[in-house]
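Notes follow the structure.
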Amino acid sequence: MQIGLIGLGKMGGNMRERIRLAGHTVVGYDRSPDLSDVKDLTELVEQLQAPRIVWVMVPAGAATQSVVDELGGLLEAGDVVVDGGNSRWTDDEKHAAELGAKGIGFVDAGVSGGVWGLQNGYALMVGGDKEHVERLQPIFEALKPEGPYGYVHAGKVGAGHFSKMVHNGIEYAMMQAYAEGWELLEKVDSVENVREVYRSWQDGTVIRSWLLDLAVNALDEDEHLDKLRGWAQDSGEGRWTVEAAVDHAVPLPAITASLFARFASRQDDSPQMKMIAALRNQFGGHAVESTKE
Ligand SMILES: NC(=O)c1ccc[n+]([C@@H]2O[C@H](COP(=O)([O-])OP(=O)(O)OC[C@H]3O[C@@H](n4cnc5c(N)ncnc54)[C@H](O)[C@@H]3O)[C@@H](O)[C@H]2O)c1
Ligand SMILES: O=C(O)[C@H](O)[C@@H](O)[C@H](O)[C@H](O)COP(=O)(O)O
């Protein structure tokens, strides 16, 4: 089978290799010429036989929108576009409608597995019409992990990215729980080897998981994480999960708190805690600390 793949960074680069290893032909395009097989999207489309499949693996938002717009002008009826980036699920219906007006199919695929995907396979959460999803099966088979799980056709257009978004919300809360437990263990003098406690949990415990394995990897590289600043970015999925929860009045205390913990990590000082300190001082004369000159 032939496929065009746009975006050959940390994800797309390895996905190209995994699809090729499964015996398919991949024509890759990246705006960075060092990574690209072709000079532009026109050449990518020309090199594929109709009906074409083109997988988009670029940053969500403006980059994905511009690629989808350009593809809309280059592809023809019968072709299918797959968005494998971490796009907001509400973008999918728009993209499906824009492309659908030209007879071009659209499938959204939430992809999980990060930089380990080449080796372990990529878990796929797919949304779209059955006929389009079925056409993509050989590519999904090439990308997914071996074994019975790691792939789902979750529902209509948008269902793949919505499922991936919830997956990432869970990822936030799980990481936060491992992080909080680690900080508490590090604080207590009687626990002399926190890393070995974490390592021991990898087998037999209720909380064993791949994230726990990765936490042990990180502690093996830097036992007390001394080389890192306590600063964490977020790229949207956590926020969208919380927004969806508000829309549907679903309580998500753990996921919401883990998102807010990341915001707090990016502050050098806490303006709201200044207000707490000021109020405690106002009503109770409690001690405050001054900023250092
Ligand atoms: N890194 C992960 O763990 C991970 C996991 C699952 C999904 N994703 C999602 O996959 C997508 C790609 O992530 P990544 O980690 O590979 O990012 P990346 O920054 O490593 O790679 C993105 C690539 O897209 C290229 N690009 C950007 N705009 C382009 C355009 N208009 N035309 C052609 N190429 C363009 C860049 O040059 C770059 O090589 C994102 O939507 C991301 O959220 C990432
Ligand atoms: O399942 C995965 O492979 C990851 O969730 C992946 O999608 C990525 O690493 C996130 O985009 C990070 O998201 P934040 O930047 O929001 O932490």
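Everything numeric in this text was worked out from a predicted model, so none of it was measured. When a ligand or atom number is given, it counts from 1 through the structure's own listing order.
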Here the atoms of ligand 1 under 4.0 Å from any heavy atom belonging to Gly114 are 3 (O)
Of all protein heavy atoms, the one nearest atom 9 (C) of ligand 1 is Asn86 N, 3.7 Å
| message | Please report whether ligand 2 has a polar contact with Lys164, defined as an N or O pair separated by less than 3.5 Å (distance criterion only). | response | yes
Checklist entry - At a 4.0 Å cut-off, with the gap strictly under it, does some heavy atom of Ser112 reach an atom of ligand 1? => result no
Checklist entry - Between the side chains of Tyr172 and Thr241, is a donor N or O closer than 3.5 angstrom to an acceptor N or O? => result no
closest protein heavy atom to atom 16 (O) of ligand 2 is Tyr172 OH, 2.5 Å
Residues Arg199 and Asp220: closest non-hydrogen pair is NH2-OD1, 2.9 Å
Minimal heavy-atom distance between Val111 and Asn86, with the atoms involved, is O-OD1, 4.4 Å
Self-check item: Any N or O of Tyr29 closer than 3.5 Å to N or O of ligand 1
Solution: no
Q. Ion pair present between Glu17 and Arg20, side-chain N to carboxylate O less than 4.0 angstrom?
A. no
In ligand 1, the atoms that come under 4.0 Å of a heavy atom of Leu35 are 39 (O)
Quiz item: So, does Gly113 sit close enough to ligand 2 that a heavy atom of it is under 4.0 Å from the ligand?
Solution: yes
For Gly114, the ligand 2 atoms with a heavy-atom partner under 4.0 Å come out as 3 (O)
among protein heavy atoms, the one nearest atom 21 (O) of ligand 1 is Gly9 CA, 3.3 Å
Practice task
Decide, yes or no, whether a salt bridge links Lys164 with Asp108 under the criterion of side-chain N to carboxylate O below 4.0 Å.
Solution key: no
In this structure, atom 15 (O) of ligand 1 is nearest to the protein heavy atom Lys10 CE, 3.4 Å
Under 4.0 Å between heavy atoms, the region of Arg262 that gets near ligand 2 turns out to be side chain
Between the main-chain N or O of Gly128 and the side-chain N or O of His153, is there a donor-acceptor pair closer than 3.5 Å?
yes
Nearest non-hydrogen protein atom to atom 2 (C) of ligand 2, with distance, is Ser112 OG, 3.3 Å
Check: of Val115, Val67, Asn168, Val58, min heavy-atom distance to atom 35 (C) of ligand 1 comes from Val58
Polar atom proximity, Ser235 to ligand 2 (N or O, under 3.5 Å) = yes
Among Met57, Arg31, His167, closest by heavy atom to atom 12 (C) of ligand 1 is Met57
One finds that the ligand 1 atoms under 4.0 Å from a non-hydrogen atom of Gly7 are 24 (O)
Under 4.0 Å from one or more heavy atoms of Ala60, ligand 1 contributes atoms 41 (O)
Practice prompt. Would you kindly say whether Tyr151 and Gln137 are connected by a side-chain donor-acceptor distance under 3.5 Å?
Written response: yes
Original post:
Would you call the rings of His286 and Phe283 parallel, tilted or perpendicular, where under 30° means parallel and over 60° means perpendicular?
Top reply: perpendicular
of all protein heavy atoms, closest to atom 10 (C) of ligand 2 is Asn168 ND2, 3.6 Å
In ligand 1, the atoms that come under 4.0 Å of a heavy atom of Val111 are 6 (C), 7 (C)
Determine, for Asp69 against Lys94, whether the closest basic-nitrogen to carboxylate-oxygen distance falls under 4.0 angstrom. no
Answer yes if a protein heavy atom lies under 4.0 Å from atom 13 (O) of ligand 2, otherwise answer no. yes
Salt bridge between Arg239 and Asp234, side-chain N to carboxylate O under 4.0 Å? yes
In terms of its nearest heavy atom to atom 5 (C) of ligand 1, the top option of Glu237, Lys164, Met11 is Met11
Numbered in order shown, the ligand 2 atoms found under 4.0 Å of a heavy atom of His167 are 1 (O)
Is a donor from one side chain sitting under 3.5 angstrom from an acceptor on the other, for Ser87 and Asp91?
no
**Asked** Which class fits the ring pair His248 and Phe162: parallel under 30°, tilted 30 to 60°, perpendicular over 60°?
**Response** perpendicular
Contact region, Thr64 to ligand 1, non-hydrogen atoms below 4.0 Å, reads neither
Query - Charged N-O contact under 4.0 Å between Lys102 and Asp79 - result: no
TODO: Salt-bridge test for Glu237 and Arg88: reply yes if a basic N is under 4.0 Å from a carboxylate O, no otherwise.
DONE: no
Go through the side-chain N and O atoms of His24 and Gln2 and say whether any donor and acceptor fall under 3.5 Å apart. no
task: Taking Arg208 for its side chain and Trp201 for its backbone only, find out whether a donor-acceptor pair lies under 3.5 Å.
output: no
For Asn86, the ligand 2 atoms with a heavy-atom partner under 4.0 Å come out as 7 (O), 10 (C), 11 (O)
ask   = Is there a heavy atom of Pro59 sitting under 4.0 angstrom from any atom of ligand 1?
value = yes
For atom 23 (C) of ligand 1, the closest protein heavy atom turns out to be Asp30 OD2, 3.6 Å
request  = Ignoring angles and geometry beyond distance, decide whether Glu171 reaches within less than 3.5 Å of ligand 2 through its nitrogen or oxygen atoms.
outcome  = yes
